[in-house]
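Written below as C-alpha cells is the structure these notes are about.
This chain uses plain numbering: 1 for the first residue, then up along the sequence. The structure presented is a predicted model; accordingly, all values stated were derived computationally and were not measured.
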Amino acid sequence: MDFNMKKLASDAGIFFTRAVQFTEEKFGQAEKTELDAHFESLLARADSTKNWTEKILRQTEVLLQPNPSARVEEFLYEKLDRKVPSRVTNGELLAQYMAEAASELGPTTPYGKTLIKVAEAEKHLGAAERDFIHTASINFLTPLRNFLEGDWKTISKERRLLQNRRLDLDASKARLKKAKAAEAKATTVPDFQETRPRNYILSASASATLEDTCRPPSWAEWKEDYPGGWRRPCFFLVPLNPSLTLARGCLSLPKDRKLWNDEVDKAEQELRVAQTEFDRQAEVTRLLLEGISSTHVNHLRCLHEFIESQTTYYAQCYRHMLDLQKQLGRFPGTFVGTAEPASPPLSSTSPTTTAATMPMGPSVADLAPPGEAALRLEEVAPPASGTRKARVLYDYEAADSSELALLADELITVYSLPGMDPDWLIGERGNKKGKVPVTYLELLS
C-alpha cells in the first residue's frame with residue numbers, strides 16, 4: 001500500500017498533542033473550554049437515552065426469545081445479512097409432542113382425547129406467539145436498533161469531532177498566552193546584560209561567527225539597523241533554522257521584538273480559525289442532540305404498537321384457553337382434583353368480588369344436571385333488590401340450553417344466585433335467560 005508518510009507523521013503528532021492536552025486537563029494543569037449548561041443537559045439526555053434504549057432492547061429480546069443460543073444465532077444471521085430461518089415455538093413443539101403421545105397411547109382413550117384437544121390449543125397458542133414475536137420485532141425492536149446503529153453512531157462521531165475541535169481551541173489559547181508572555185518579557189527588559197554563562201566556551205565555528213558578528217559597523221549601518229542607539233553587547237542563543245542554533249552578538253533587540261510580534265499575530269490568527277471551527281462543530285452537534293426529542297416521539301409510537309400487539313396476543317391466548325375449557329367440560333364446575341379458583345378475567349372487576357356484590361336470588365345449588373338446570377332457571381326470578389347492567393366484550397356460543405349466547409357490545413342484565421360458581425352469572429336479554437361467563441362481560445356501575 002502507498003502510505004503518505006508526511007500525512008501519517010502529521011496525524012500522529014496531532015494525536016499526541018491532543019492526548020497531552022487531554023491529560024493535562026484531567027489533572028487540572030491546563031485550561032478547558034467549558035460548554036454551556038443547555039449543551040451539557042443535551043449531552044446528558046442523549047447519553048441517558050442511549051443507555052436505557054440498550055437495556056430495553058436487550059430485555060425485550062430476552063422476553064421474545066428466552067433461549068440465549070437462539071438469540072446468538074439470530075444475531076449472527078442479522079450481521080451476515082441473511083434471513084433468519086423459521087423456528088418452531090415452544091407451544092407448537094409441545095403440541096407436537098402431545099399429539100404424538102396421544103397417537104401412541106391411544107387416541108380413543110380419555111387421556112388420549114384430552115391430549116389431542118390440549119395439543120390443538122397449544123398449537124393455536126404457538127401460532128399466536130409466533131405472530132406476536134414477528135410483530136414486536138418489526139414495530140419495536142427494529143426502530144430501537146436503527147437508533148443505536150444509525151442515529152447514535154452519527155451523534156458519537158460528531159461529538160468526537162467536537163472534542164477534537166475543543167482541544168485544538170484550547171491549544172491555540174495556550175500558544176497565544178505563551179507568545180504574549182514572551183513578548184511582554186522582551187519589551188520590559190531594562191538592560192541587555194550578557195546572558196552567556198561565565199564558564200561558557202564557544203566552539204571554533206561559533207567563535208569565528210561571533211568575531212565576525214561583533215565587527216564594529218559603520219555609523220550609517222548602525223543607525224539604519226539599530227535606531228535605538230548603541231548598547232553593550234550581549235550573547236544569547238537564537239534558532240536560525242530548525243536544526244541550527246548559533247551564538248551571535250547584538251547591541252539591541254528591536255528585531256527580536258518584531259519576531260515576537262509576528263508570533264503573537266500568528267497565534268491570534270490560529271485562535272480565530274480554531275474558534276470558528278469549534279463554533280461550527282458545536283452547532284452541528286447541538287442540532288443532532290436536539291433531535292433526540294423526535295427520537296423519543298418515535299419510540300413512544302413504537303411502544304404503543306408493542307403494547308397493542310402484546311394485548312392482542314394475550315387476548316388470543318385467553319380465548320383459546322376458554323375454548324379449551326369448554327371442550328374439556330368445565331362448565332360450570334372445576335377440573336377433577338383441582339381446588340384452585342378460576343383465573344381472573346380481563347375486566348377490571350374480579351369474579352369473586354362481582355359475585356359478592358351482585359344481588360342474590362333464590363338458591364340453585366343443585367343445578368348440576370344441565371337439563372334440570374335449564375328448567376329451574378326458567379322458574380328463577382331476578383332479585384327484588386335490583387340487578388346490574390353489563391356490556392358483552394366478546395361473542396359467546398352457548399354450550400348447552402342452560403347458557404345464554406352472547407354478541408359483542410350488546411347490553412344485558414345480570415345477577416348472581418347463591419351457590420353459583422363465582423365465574424358465572426345469570427344473564428337476561430328480553431325473554432331469554434341463562435348462565436353467562438363473567439370474563440366475557442364488563443360490569444357497568
Side-chain angles (χ1 to χ4, degrees), residues 11-12 14-66 68 71-72 74-76 78-79 81 136-174 274-310:
D11 293 343
I14 293 175
F15 175 79
F16 180 75
T17 302
R18 289 172 178 170
V20 172
Q21 178 77 11
F22 187 79
T23 305
E24 290 178 351
E25 290 177 358
K26 289 298 183 181
F27 286 98
Q29 300 176 357
E31 296 182 359
K32 178 182 178 181
T33 300
E34 298 293 342
L35 302 171
D36 58 88
H38 177 64
F39 200 97
E40 291 289 350
S41 66
L42 291 177
L43 291 174
R45 187 178 65 160
D47 291 334
S48 179
T49 301
K50 180 254 183 182
N51 294 333
W52 284 112
T53 301
E54 287 181 338
K55 293 180 180 179
I56 293 174
L57 175 63
R58 288 196 297 267
Q59 194 57 38
T60 307
E61 290 176 344
V62 173
L63 173 66
L64 299 180
Q65 181 51 263
R71 292 200 303 272
V72 171
E74 293 176 357
F75 175 78
L76 294 177
E78 181 182 355
K79 291 302 179 182
D81 198 14
S137 299
I138 295 177
N139 296 337
F140 190 61
L141 294 184
T142 300
L144 298 185
R145 291 196 187 101
N146 292 340
F147 166 72
L148 294 175
E149 298 177 0
D151 296 345
W152 182 252
K153 286 187 177 180
T154 302
I155 293 175
S156 300
K157 178 182 177 181
E158 298 300 330
R159 287 178 64 177
R160 288 193 296 269
L161 289 177
L162 178 63
Q163 179 80 342
N164 293 336
R165 296 293 181 266
R166 185 190 62 78
L167 292 174
D168 295 342
L169 177 61
D170 293 338
S172 299
K173 290 180 179 179
Q275 185 69 52
T276 302
E277 293 180 352
F278 172 77
D279 293 341
R280 185 186 300 112
Q281 185 60 37
E283 184 64 23
V284 172
T285 308
R286 184 191 301 272
L287 292 176
L288 290 175
L289 293 176
E290 290 176 349
I292 293 294
S293 299
S294 61
T295 300
H296 288 179
V297 174
N298 184 36
H299 288 182
L300 176 61
R301 178 183 58 81
C302 297
L303 183 60
H304 278 288
E305 294 179 355
F306 173 71
I307 294 302
E308 290 178 1
S309 62
Q310 197 171 26

Looking at residues at least two apart in the chain, or sitting in another chain, which of them share a side chain to side chain donor-acceptor pair (under 3.5 Å) with [X]?
X	answer
Gln65	none
Arg145	Glu61
His304	none
Gln275	Asp279

If you compare all heavy atoms of [X] against all heavy atoms of [Y], which two are closest, and at what distance to 0.1 Å?
X	Y	result
Ile138	Pro143	O-CD, 3.5 Å
Ser137	Leu64	OG-CD1, 4.1 Å
Ser294	Gly291	OG-O, 2.6 Å

Partner residues of Glu149 under the salt bridge (Lys or Arg N to Asp or Glu O under 4.0 Å) criterion, sequence neighbours left out = Lys79

Validation row: Thr53, Thr295 side chains within 4.5 angstrom (heavy atoms) =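 With C-beta onward as the side chain, the pair stays apart.
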
Within-4.5 Å side-chain heavy-atom neighbours: Leu57 and Leu141 | yes

As an exercise, state the distance from [atom1] of [X] to [atom2] of [Y], rounded to the nearest 0.5 Å.
X	Y	atom1	atom2	result
Leu162	Leu167	CG	CG	9.5 Å
Thr33	Leu169	OG1	CG	4.5 Å
Leu287	Leu42	CG	CG	10.0 Å
Glu40	Glu34	CD	CD	7.0 Å

Using the salt bridge (charged side-chain N to carboxylate O under 4.0 Å, His left out) rule, collect all pairs that involve residues 294-308, keeping only residues at least two apart or in two chains.
->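 Checked against salt bridge (charged side-chain N to carboxylate O under 4.0 Å, His left out) - neighbours excluded - the pairs reaching residues 294-308 are Arg301-Glu305.
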
Sort and list the pairs that fulfil salt bridge (charged side-chain N to carboxylate O under 4.0 Å, His left out) and have at least one residue in residues 42-53, not counting sequence neighbours.
-> Asp47-Arg159, Lys50-Glu54

Sorted by chain and residue number, the side chain to side chain contact (heavy atoms under 4.5 Å, CB included) partners of Glu158 (sequence neighbours excluded) come out as Leu161, Gln281, Val284, Thr285, Leu288

Can you name the residues that form a side chain to side chain contact (heavy atoms under 4.5 Å, CB included) with Gln310, not counting sequence neighbours?
-> Leu63, Phe132, Phe306, Ile307, Tyr314

Summary of ring-ring contact (aromatic ring centres under 6.0 Å, His included) pairs that have at least one residue in residues 146-171, sequence neighbours excluded =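 Qualifying pairs: Phe147-His299.
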
What residue pairs, at least two apart or across chains, pass ring-ring contact (aromatic ring centres under 6.0 Å, His included) with a residue in residues 35-58?
->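 The answer is none; no pair qualifies.
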
Carefully, step by step, assess Ser293 and Val297 under the rule side-chain contact (heavy atoms from CB on, under 4.5 Å).
-> CA-CA 7 Å; Ser293 299; Val297 174; 5.9 Å; no

Dump the intermediate steps for side-chain contact (heavy atoms from CB on, under 4.5 Å) on Ile56 and Phe140, then the final yes or no.
-> CA-CA 10 Å; Ile56 293 174; Phe140 190 61; 4.0 Å; yes

Step-by-step side-chain contact (heavy atoms from CB on, under 4.5 Å) determination, Leu35 to Leu43 | CA-CA 10 Å; Leu35 302 171; Leu43 291 174; 3.9 Å; yes

